[in-house]
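The structure appears below as structure tokens.
Note that the coordinates shown come from a computational prediction; the quantities given were computed from them, not determined experimentally. Heads up: numbering here begins at 1 and tracks the sequence. As a basis for the values below, the full set of heavy atoms in this structure was taken, side chains included, without hydrogen atoms, waters or symmetry mates. Each ligand, and each atom within it, is numbered from 1 in the order the structure gives.
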Amino acid sequence: MGARHRIGALSVAVVAATGVVLSPATASATHPAPGRTPLATGYGGAVVSDTVESTQAGLAVLRRGGTAADAAVAVAATLGVTDPFVAGLGGGGYFVHYDARTGRVSTIDGRETTPRAGDDKMFIDPATGQPYPFTTAVTSGLSVGVPGMLATWERALEKWGRFSLADTLRPAIDVADRGYPLTPALRGQIVSNEARLKQFTSSAELFLPGGSVPAVGAVLRNPDLAATYREIARTGTRAFYGGAVGRDVAEATQNPPLAPDATITPPKGRMTVADLKAYKTIDQAPTHMRYRGLDVYGMAPSSSGGITVGEALNILETSDLGGLDRTQALHRYLEASKLAFADRGRYIGDPRFVDVPQRALLSDVFAASRACLIDPTRVIPAPAAPGNPAAPGSCAPARGTEAPDNEVHTNHFVVSDARGNVVSYTNTIEQLGGSAIVVPGRGFLLNNELTDFNFAPTQGTAPDPNLPAAGKRPRSSMSPTIVLKDGRPWLALGSPGGSTIITTVLQILVNRIDLGMSLPDALAAPRASQRNTAATTAEPAFISAAGGLTALGHAFTPQAEIGVAAAIEFTGHGKLLAVGEPTRRGGTSAGVVFPTR
Ligand code: GLU
């Protein structure tokens with residue numbers, strides 16, 4: 001039996017290999033893991049990503065003369081090892097790139113697609129005629145989209161790389177072979193997914209070796225993933241898109257290896273090797289809008305990120321946020337977001353399947369027709385109705401339908417190189433742990449991205465732009481963003497967090513641009529996410545300072561953490577300020593090639 005048939009567990013050793021010792025007694029998910037620094041300043045290139053190993057992998061590629069794109073592929077591949085519940089070969093994402101030579105921002109849409117056998121009824125249970133319960137779809141082969149991750153890496157290298165795919169996979173292979181210490185954050189993710197992982201023999205063997213969750217500080221290895229990466233390095237991406245790895249992926253979606261004591265009967269997936277062979281990334285023009293003299297570039301549909309962040313900024317630009325008191329500034333931030341989310345729900349889907357009025361949604365005329373709904377003395381009743389970008393006009397608030405999204409997890413990272421190229425890349429397997437199905441013998445989890453579709457129409461009598469169809473990409477919220485000032489990069493940023501991604505990016509921009517915060521403060525500040533629901537989801541520290549907002553009628557639902565942002569600010573003369581999270585997701589890792597103090 002070859003590597004492909006071997007069911008490989010993460011081999012677990014207690015410490016030693018990397019010399020990093022974490023004491024379970026002192027480690028906690030609320031404190032940064034040792035070795036993680038959320039802040040770095042210096043020159044020559046920067047990386048901010050979730051884990052120490054992935055940031056170091058990117059910096060190593062930059063030091064060897066790699067471009068930002070080369071380093072980004074190394075980071076993404078290493079995240080597949082060290083951040084397996086939110087990254088890796090089984091997922092997809094959106095890659096935004098600034099090219100220093102041409103001064104242009106371009107993007108790659110590497111979103112998962114629906115298998116050819118999918119249709120608008122695929123999430124309707126034939127036994128009941130009703131949509132599957134969300135949790136049923138989440139842990140199933142049915143929700144697995146055709147992964148775009150590896151194709152994105154290949155396309156990025158083709159366009160902007162100097163290194164081969166094999167070169168950029170090497171750091172990830174090393175980490176997978178050598179092992180890495182289990183952080184409190186990753187351990188927490190395994191614990192919260194334990195019941196799901198136990199449903200599948202391959203998943204339990206990989207993440208619950210010996211039947212239990214490894215201790216913080218245990219060294220995790222993933223020889224199956226190292227072998228998968230080696231196979232791809234040797235034979236190219238066709239190993240995945242039609243070859244042996246792809247066959248295993250398709251088989252795992254159609255016949256996931258259910259444990260003998262499994263308590264679920266998941267609906268079967270419909271992905272075939274032909275779907276994998278047919279997968280194509282899209283070179284997608286970015287969204288672009290001007291905000292207070294800056295050029296903001298984001299991700300166009302199939303992500304709703306660029307348009308929704310852009311529309312909200314356009315609405316906010318109609319008032320001088322910096323000149324308002326804190327309550328009024330935050331009130332406008334929440335209301336602009338609410339209105340932009342109403343429009344997102346009504347108009348945004350995969351543009352190859354629905355007509356998305358992108359220009360109109362990002363126009364100042366439309367923003368003015370939405371901004372006039374904001375009342376400084378009271379909250380707009382939610383859910384607000386969408387506007388009409390084809391005929392913006394009346395300013396009467398109307399009620400719409402609520403379509404709350406789940407908020408789960410993903411990862412975002414940023415990279416810059418010595419030449420001045422910049423990458424802002426959000427990628428995901430959708431929910432924390434994706435479908436919970438590890439491809440047997442391959443060492444990675446499959447996404448459940450198709451749960452980002454609406455299972456049934458959500459827009460009343462209006463058409464729903466986000467119903468599934470064969471080949472269609474589910475609407476995303478991912479918002480990798482690059483901001484130029486005077487035509488040169490000034491900020492690169494993004495975050496995970498389902499639909500809260502949009503508000504996290506928006507809030508950081510408002511904090512940095514309008515409210516006078518430094519970039520580290522703009523990231524660390526308590527977050528609030530208004531997505532056209534009656535209550536705003538907010539971190540406890542935001543709520544405790546929100547008395548003025550409550551008086552205007554805002555209500556809050558607490559959530560411990562919103563988003564896990566990563567950003568770089570280009571502060572002039574080649575100097576870089578690389579900023580991660582001091583505490584969210586246990587703290588993230590920023591590094592620069594030549595550090596200064
Ligand atoms: N699937 C989500 C999206 O594309 C991202 C996953 C998450 O962060 O929850 O918007």
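Neither the backbone nor the side chain of Met299 has a heavy atom within less than 4.0 Å of ligand 1. At a heavy-atom distance under 4.0 Å, only side-chain atoms of Glu449, from C-beta outward, approach ligand 1.
The six-membered or imidazole ring of Tyr98 lies away from that of Tyr297, with a centre-to-centre distance of 6.0 Å or more. Tyr425 has its ring centre less than 6.0 Å from the ring centre of Phe413.
Taking a cut-off of under 4.0 Å to the non-hydrogen atoms of Gly498, the atoms of ligand 1 that pass are 7 (C), 8 (O), 9 (O). Atoms of ligand 1 found under 4.0 Å from any heavy atom of Gly497 (numbered from 1 in listed order, with element): 8 (O), 9 (O). Annotation for ligand 1: atoms under 4.0 Å from non-hydrogen atoms of Thr428 are 6 (C).
Ligand 1 has an N or O atom lying under 3.5 Å from an N or O atom of Asp452, backbone or side chain. Annotation: Pro496 places no N or O atom under 3.5 Å from an N or O atom of ligand 1; distance criterion only. At under 3.5 Å, a nitrogen or oxygen of Arg111, whether backbone or side chain, sits near a nitrogen or oxygen of ligand 1. Between Ile501 and ligand 1, no N or O atom pair is found at a separation short of 3.5 Å.
Other residues, nucleotides and ligands contribute over 12 non-hydrogen atoms within 6.0 Å of the NZ atom of Lys159.
Looking only at side-chain heavy atoms (C-beta outward), Phe542 and Ile562 stay at 4.5 Å or farther from each other. Under the 4.5 Å side-chain criterion, counting only non-hydrogen atoms from C-beta, Pro465 is in contact with Arg475. Considering only heavy atoms from C-beta on, Arg531 comes within 4.5 Å of Thr503 through its side chain. Counting heavy atoms from C-beta on, the side chains of Tyr291 and Asn314 never come closer than 4.5 Å.
Residue Gln431 places no heavy atom under 4.0 Å from ligand 1.
The side-chain contact (heavy atoms from CB on, under 4.5 Å) with Leu445 is formed by just one residue from the set Val438, Val439, Val86, Val144; it is Val438.
Within the set Ser476, Pro474, Ser304, the minimum heavy-atom distance to atom 4 (O) of ligand 1 is found for Ser476.
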